[in-house]
Amino acid sequence: MVDHTHRYDLVVFGATGFVGRILCEYLLKQVGGNGSVTWAIAGRSQAKLNALVSDLGASNLPQIIADVADEASLRHMCDQTQVVISTVGPYALYGEPLVKVCAETGTDYCDLTGEPQWIRQMIQRYSATAERSGARIVHSCGFDSIPSDLGVYYLQQQAKQQFGGVCDRIKMRLIAARGGVSGGTAASGINLAKEASGDPALRQELDNPYSLCPSQSLEHPPILVPVQYDPDFQGWVSPFVMAAINTRIVLRSNALLDYAYGKQFQYDEAVLTGANATGWLVAQGLSVSLVGVAAAMAFSPTRWLLENTLIPKPGEGPSQAAQEQGFYDLRFWGTTAEGQTIQVKVTGDRDPGYGSTAKILGQAGLCLAEDFPPSAKAGGFWTPAAMFGDVLIERLVKAAGLTFEVC
C-alpha cells in the first residue's frame, strides 16, 4: 500500500545518466507518468532533465533539481518523497550526502552500488540515525547483488520445503551471460583500486568476507574461488569478479535474518567454464586476466592507461538492441549438513549491467513504495533478501524478466 503523505511515492535521482534513463523508460512502461504511483525525476541539470522529458515523451513527469554538492537541495528532494532511487556513482565519491539526508529525514533509499568499503562506512556512520528516523536503506539493488542474494534466499525456502531445513553450504556458478561491464561499475572499481593502493587497512578489509556483517561467524573460504574442478557442476571454475560484493551481501543477509541459514553457513561464487581441457584453459585464461587487471589497477600509470583506452566511461553503454540481446544464467547448488542437495537457477532476459539492472532496481524502488509501509520493516540498513524476500521475487518474475526455479 502506497503512503500518500508525501508529494511523490518515488524519485529517480540521477535520471539523466545512462542507467537512469533506462530506469525511467522502464518505470513509464510499468506505472505511467501520473498513475497510482506518483514519481519524479531528479538531477543537477535543468537542461538535461528537460531533454530527458522530451525524449521520453512524458511532459507531465515532474522534475526536481538536486545536486550531491548541495545538501539543501537533497533535503528538499527527500522532503517530497517516500523513496529515492539513486543511480549516481561511483557511490564512494558521490553517494554519502544523499544517504546522510535520507537517514536523517526518514526517506527510504535504494541504489545499485557494488562498493563494499563504502557500504561499510555508510552502515557505521548512519545506521543509528536511520533506525531512529525509520529510513530503510537498501544497497546493491542491481545485478550486484539481487540475483545472488535472492537466489540464495529462494534456494533456502525450497530446501525448507523439501528437507525441512536449510543448506549450510551454497555455491553459485555463472553458467552463461552476454553483456559488457557498465561505465559506472568500471568507475567504481577504479576508485576502489585507488583507495586500496594507499590504504593497507582497506586492503585487509577487502580480504574479509564478513566485512559487512555485525560479527564474523566462522572461518570462510577466500572470496575469489581459485581455478579448480567442481565435481557438483562437473566442470572447471574460475574466479567471478562480482563475488567480491555478492558474497558479502549474502553473508550479511544471513546475519540480518537472524542466521536463518545457520551460523555455520558458507557461500561462494565462480564462473563455470566447461568440463574438458578447453574448459581448463578458459578458466586459467579468465583467472590470469582478472589477476592482470587487478595488478594494472594497483599502479597509477597502468590504471590511467586502462581508464583512457579499454574501460568504458560513466554514462556510456550499449544500444537498446544490445541490451535486449543480453542475458545471464546463474545456478545455485545447496548442500545440507546431512548431505542432501538441491539446485536452483536464476535467469535474466537482458544484459546484466544495464537492461536487467535497471528493471531490478525499478522493482526494488516500487517494492519499497508500494509493499512495505513504515510499520512493515524498521528503519536501518537492509540487504535485498532481508528487506524484500519473496515479495520482490514475485515482482521480478512478473515484471522484470527474471526466473527463479528448481532445476
Side-chain angles (χ1 to χ4, degrees), residues 140 143-176 208-226 228-240 242-272 328-348 382-394 396-397 402-407:
S140 303
F143 179 69
D144 45 336
S145 299
I146 278 182
S148 294
D149 198 25
L150 290 183
V152 169
Y153 175 88
Y154 176 80
L155 184 149
Q156 296 288 32
Q157 307 315 305
Q158 300 304 309
K160 284 190 282 188
Q161 291 181 22
Q162 289 193 24
F163 310 135
V166 296
C167 296
D168 61 1
R169 172 71 191 274
I170 294 177
K171 50 189 175 182
M172 185 280 278
R173 302 296 179 250
L174 175 66
I175 302 297
N208 177 16
Y210 294 97
S211 64
L212 300 183
C213 294
S215 62
Q216 183 164 321
S217 301
L218 76 165
E219 194 69 25
H220 194 281
I223 293 175
L224 294 180
V225 173
Q228 61 187 21
Y229 186 81
D230 186 329
D232 295 320
F233 285 92
Q234 298 182 7
W236 292 94
V237 297
S238 187
F240 180 44
M242 306 310 299
I245 182 62
N246 295 339
T247 300
R248 289 179 167 88
I249 294 295
V250 168
L251 293 175
R252 178 169 170 80
S253 287
N254 185 37
L256 294 181
L257 291 167
D258 197 22
Y259 296 96
Y261 309 158
K263 291 195 173 182
Q264 303 302 308
F265 175 72
Q266 295 189 345
Y267 177 72
D268 66 67
E269 299 188 340
V271 180
L272 188 67
Y328 51 89
D329 184 342
L330 313 179
R331 304 296 172 94
F332 299 78
W333 183 283
T335 307
T336 68
E338 294 76 27
Q340 300 158 305
T341 63
I342 181 174
Q343 185 178 176
V344 306
K345 70 175 181 178
V346 176
T347 66
W382 294 86
T383 60
M387 179 71 207
F388 302 122
D390 295 307
V391 179
L392 184 55
I393 290 177
E394 183 177 344
L396 296 176
V397 171
L402 272 68
T403 69
F404 292 76
E405 59 185 280
V406 178
C407 297

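Owing to the predicted nature of the structure, the values given are computational and were not obtained by experimental measurement.
Side-chain contact check for Glu269 versus Val225: every heavy-atom pair is 4.5 Å or farther apart. Looking at Gln156 and Phe265, their side chains come closer than 4.5 Å, going by heavy atoms from C-beta outward. Looking only at side-chain heavy atoms (C-beta outward), Thr383 and Leu212 stay at 4.5 Å or farther from each other. No side-chain heavy atom of Ile249 sits less than 4.5 Å from a side-chain heavy atom of Ser148. Two residues are said to be in side-chain contact when any heavy atoms from C-beta on lie closer than 4.5 Å; Gln228 and Val237 meet this criterion. Residues Asp268 and Phe240 are not in side-chain contact: their nearest non-hydrogen atoms beyond the backbone lie 4.5 Å or more apart. Proximity of Phe404 to Leu150: side-chain heavy atoms (C-beta onward) are separated by under 4.5 Å at one or more points. Using a 4.5 Å heavy-atom threshold, the side chains of Ile170 and Tyr261 count as separate.
The pair Lys171-Asp230 meets the salt-bridge criterion, since a charged nitrogen lies less than 4.0 angstrom from a carboxylate oxygen.
From Gln162, atom CD reaches atom CD1 of Ile342 across 4.0 Å, with rounding to the nearest 0.5 Å. The CG atom of Asp232 sits 6.0 Å away from the OG1 atom of Thr335 when rounded to the nearest 0.5 Å. The OG1 atom of Thr336 sits 7.0 Å away from atom CG of Asp168, with the distance rounded to the nearest 0.5 Å. With rounding to the nearest 0.5 angstrom, the CG atom of Leu392 is 9.0 Å from the CG atom of Leu402. Within the model, atoms CZ of Phe332 and CD of Gln343 stand 10.5 Å from one another, a figure rounded to the nearest 0.5 Å.
Within 6.0 Å of the CD atom in Glu394, the count of heavy atoms belonging to other residues, nucleotides or ligands does not exceed 12. In this structure, Glu405 places its CD atom where more than 12 heavy-atom neighbours from other residues, nucleotides or ligands lie under 6.0 Å away.
Counting all heavy atoms, side chain and backbone alike, Val344 lies closest to Gly151 at CG2-O, 4.2 Å. The minimum heavy-atom distance linking Phe143 with Met242 is given by the pair CE2-CG, 4.4 Å. The nearest pair of heavy atoms linking Pro384 to Ser140 is CG-O, 3.7 Å. The minimum heavy-atom distance between Leu155 and Cys167, with the atom names listed, is CD2-SG, 3.8 Å.
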Q: Could you walk me through whether His220 and Thr247 pass the side-chain contact (heavy atoms from CB on, under 4.5 Å) test, one step at a time?
A: CA-CA 11 Å; His220 194 281; Thr247 300; 4.1 Å; yes
Q) Under the side-chain contact (heavy atoms from CB on, under 4.5 Å) criterion, do Tyr267 and Val152 qualify, and how do the steps go? A) CA-CA 9 Å; Tyr267 177 72; Val152 169; 3.3 Å; yes
(Q) Show, in sequence, the C-alpha distance, side-chain angles and deciding distance for Val406 and Tyr154, and conclude whether the side-chain contact (heavy atoms from CB on, under 4.5 Å) test is met. (A) CA-CA 9 Å; Val406 178; Tyr154 176 80; 4.2 Å; yes
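Without hydrogens or angle criteria, Arg248 side chain to Asn208 main chain gives a donor-acceptor distance under 3.5 Å. The backbone N or O of Asp149 lies less than 3.5 Å from no partner atom in the side chain of Ser145, so there is not a single donor-acceptor pair.
Ring pair Tyr229/Trp236 is perpendicular by interplanar angle, where above 60° counts as perpendicular and below 30° as parallel.
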